[in-house]
Amino acid sequence: MKAIALYSGGLDSTLCIKIITNQGIAVTALHFINPLSRYDKNKEEALSKKVKELGADFKSIYLGENFIEILKNPKFGYGKNLNPCIDCKILMLAIAKKLMPELGASFVITGEVIAQRPKSQHRETLELIEKRSGLEGLILRPLSAKLLKETIPESKGWVKREALFDFNGRSRTPQIELAKMLGIEDYQWPAGGCLLTVPSFCSRVEDFLKSGETTPENLELLKWGKHFRLSKDFKLIVGRNEEENKILSSFLKEKDISFEPKDVPGPFGLGRGVVSENIKNIANRIIARYADNSGATIAISIKDSHNNEEVVRVSGLEDKSVKELLI
């Protein structure tokens, strides 16, 4: 008997895998990566190692265009901000369903707990998600199973219902105690949730959706630096530290422009879109504003994707103007 687990790397999904593997069931943990994940290869390797320690297999899946489509037009609406939680969960479960024959799985498990999240984890919503994903009766939620209708894995005896739990609400104390009992020490603590629940970040997402340039790469860029809308067709992204400068430079592609202080420490700026001399001047002055220049005029290096360079001297843009352009 085999199952697929939706695996975030957090405590709840970790517990679910352990509960089910303890019943002698093979599990493949699916870790979904959306363009807004703070993600790198090291993290993927760490998650894979943790899953193997739980006695399961690991598989990561990137959500690109399909995630953007539900972000643009979620059938079941947004949460408090721009978080399409219900549509996102349906998408992940629908992908899991498609993979069931390939992975030899008979059902799916998730770490959901009744009433833990305000929009997506109420009983009625869980039933809706199950129906829309095409997995009626085949989604087992081990942490709250005793509070929910018996699933096919339970009724057929694949899983022992008496070895499942009745957790309810937002408190994580029962999960922490269960982790101790199961010998699980290395797990992620609950975080603030998806970036789409953060109001300040949602301003960037709204600008992204209005721009018409709704590619996975442009969505990923929202995670990094300070974002400035200099015109309807041009955006400047400015690194906040050395790490972000390197990350932003890695996003440079054909027709992009880079801006960088020539002789003093300062930020890297990625310019994307239709540029004019006036926009270029404003971008230069924003870079100068954040450079280590003590208020003096400084040289800014402007390069195109072919590394052709232009150097100009400018002073930093006034704080009021910078704030007006900041997304």
Side-chain angles (χ1 to χ4, degrees), residues 6-10 30-48 59-74 78-79 81-85 87-89 91-92 95 188 191-230 232-260 267-275 283 286-287 303 305 325-327:
L6 300 194
Y7 178 64
S8 67
L30 294 187
H31 181 69
F32 290 91
I33 308 162
N34 72 52
L36 296 179
S37 301
R38 291 276 189 176
Y39 196 78
D40 59 45
K41 193 68 178 175
N42 291 334
K43 180 181 177 181
E44 183 174 355
E45 290 173 357
L47 290 176
S48 177
K59 183 178 179 65
S60 62
I61 295 176
Y62 183 76
L63 300 176
E65 296 287 354
N66 43 17
F67 179 78
I68 291 173
E69 287 307 310
I70 65 171
L71 183 57
K72 286 180 181 177
N73 185 30
Y78 299 109
N81 294 290
L82 286 178
N83 45 313
C85 300
D87 292 82
C88 190
K89 184 55 67 71
L91 172 62
M92 291 188 288
I95 292 171
Q188 293 180 6
C194 174
L195 282 170
L196 293 170
T197 66
V198 181
S200 58
F201 186 82
C202 287
S203 299
R204 297 185 182 190
V205 179
E206 288 173 344
D207 180 81
F208 164 81
L209 294 173
K210 289 176 184 176
S211 72
E213 299 295 327
T214 53
T215 64
E217 182 183 271
N218 282 337
L219 186 59
E220 284 190 32
L221 269 171
L222 300 185
K223 299 179 295 187
W224 311 108
K226 294 176 179 289
H227 289 239
F228 298 88
R229 175 58 64 184
L230 304 193
K232 184 174 80 70
D233 300 313
F234 189 88
K235 185 162 77 167
L236 175 70
I237 307 160
V238 178
R240 291 172 290 197
N241 51 50
E242 186 176 353
E243 179 190 7
E244 287 197 337
N245 285 348
K246 291 178 181 178
I247 290 169
L248 290 177
S249 67
S250 72
F251 277 92
L252 274 172
K253 65 178 186 178
E254 189 75 20
K255 297 184 179 178
D256 287 344
I257 302 175
S258 69
F259 303 84
E260 201 166 9
F268 178 90
L270 169 62
R272 182 163 289 181
V274 181
V275 68
I286 290 173
I287 297 298
K303 294 181 180 179
S305 58
L325 293 170
L326 185 65
I327 300 172

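Remember, predicted model here, so these are calculated numbers, not experimental data.
Counting heavy atoms from C-beta outward, Ile286 and Phe259 have side chains that stay 4.5 Å or more apart.
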Can you give the donor-acceptor pairs under 3.5 Å from side chains of residues 245-252 to other protein atoms, not counting sequence neighbours?
{"from": "Asn245", "atom 1": "OD1", "to": "Phe268", "atom 2": "N", "distance (Å)": "2.9"}
{"from": "Asn245", "atom 1": "ND2", "to": "Gly266", "atom 2": "O", "distance (Å)": "3.4"}
{"from": "Ser249", "atom 1": "OG", "to": "Asn245", "atom 2": "O", "distance (Å)": "3.4"}
{"from": "Ser249", "atom 1": "OG", "to": "Lys246", "atom 2": "O", "distance (Å)": "2.7"}
{"from": "Ser250", "atom 1": "OG", "to": "Ile247", "atom 2": "O", "distance (Å)": "2.5"}

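Among all heavy-atom pairs drawn from Phe234 and Val274, the shortest one is CB-O, 3.5 Å. For the pair Lys255 and Ser305, the tightest heavy-atom approach, listed with the atom from each and the gap, is N-OG, 3.6 Å. Between Pro216 and Ile68, the shortest heavy-atom contact is N-CD1, 3.4 Å. Here the closest non-hydrogen pair linking Ser60 and Glu44 is OG-OE2, 2.7 Å. In terms of heavy-atom proximity, Val238 sits nearest to Pro267 at CG1-CB, 3.4 Å.
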How far apart are the C-alpha atoms of Leu196 and Asn81, what are their side-chain angles, what is the distance that settles it, and do they pass the side-chain contact (heavy atoms from CB on, under 4.5 Å) test?
CA-CA 7 Å; Leu196 293 170; Asn81 294 290; over 6 Å; no
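With sequence neighbours left out, the side-chain contact (heavy atoms from CB on, under 4.5 Å) criterion links Asn241 to Glu243, Glu244. Among residues two or more places apart in sequence or in another chain, the salt bridge (Lys or Arg N to Asp or Glu O under 4.0 Å) test is passed with Lys72 by Glu69. By the side-chain contact (heavy atoms from CB on, under 4.5 Å) test, Leu63 pairs with Phe32, Asn34, Asn66, Phe67, Leu91, Met92, Ile95, sequence neighbours left out. Partners of Glu220 by side chain to side chain donor-acceptor pair (under 3.5 Å), not counting sequence neighbours, listed by chain and number: Tyr62. Scored by the salt bridge (Lys or Arg N to Asp or Glu O under 4.0 Å) test, Asp233 finds no partners at all (sequence neighbours excluded). Taking Lys89 as the reference, Glu112 meet the salt bridge (Lys or Arg N to Asp or Glu O under 4.0 Å) condition, with sequence neighbours excluded. In this view, Ser8 and Ser13 satisfy the side chain to side chain donor-acceptor pair (under 3.5 Å) rule, not counting sequence neighbours. A search for salt bridge (Lys or Arg N to Asp or Glu O under 4.0 Å) contacts involving Lys232 returns nothing, not counting sequence neighbours. Remark: Ser211 engages Glu213, Arg229 in a side-chain contact (heavy atoms from CB on, under 4.5 Å) (not counting sequence neighbours). Listed by chain and residue number, Glu217, Asn218, Asp256 satisfy the side chain to side chain donor-acceptor pair (under 3.5 Å) test with Arg272 (two or more places apart in sequence, or in another chain).
Rounding to the nearest 0.5 Å gives a distance of 10.5 Å between CG of Leu222 and SG of Cys202. Atoms CD1 and CG, from Ile257 and Leu270 in turn, are 9.5 Å apart once rounded to the nearest 0.5 Å. Expressed to the nearest 0.5 Å, how far CD1 of Ile237 lies from NZ of Lys223 amounts to 12.0 Å. Ile33 CD1 to Ile61 CD1: the interatomic distance, rounded to the nearest 0.5 Å, is 9.0 Å. Atom CD1 of Ile327 sits about 12.0 Å away from atom CZ of Phe208, to the nearest 0.5 Å. The CG atom of Leu71 lies 9.0 Å from the OG1 atom of Thr214; values are rounded to the nearest 0.5 Å.
Annotation for Glu206: atom CD counts as buried by contact number, over 12 foreign heavy atoms lying within 6.0 Å.
Looking only at distances, no side-chain donor or acceptor of His227 sits under 3.5 Å from a matching main-chain atom of Ser203.
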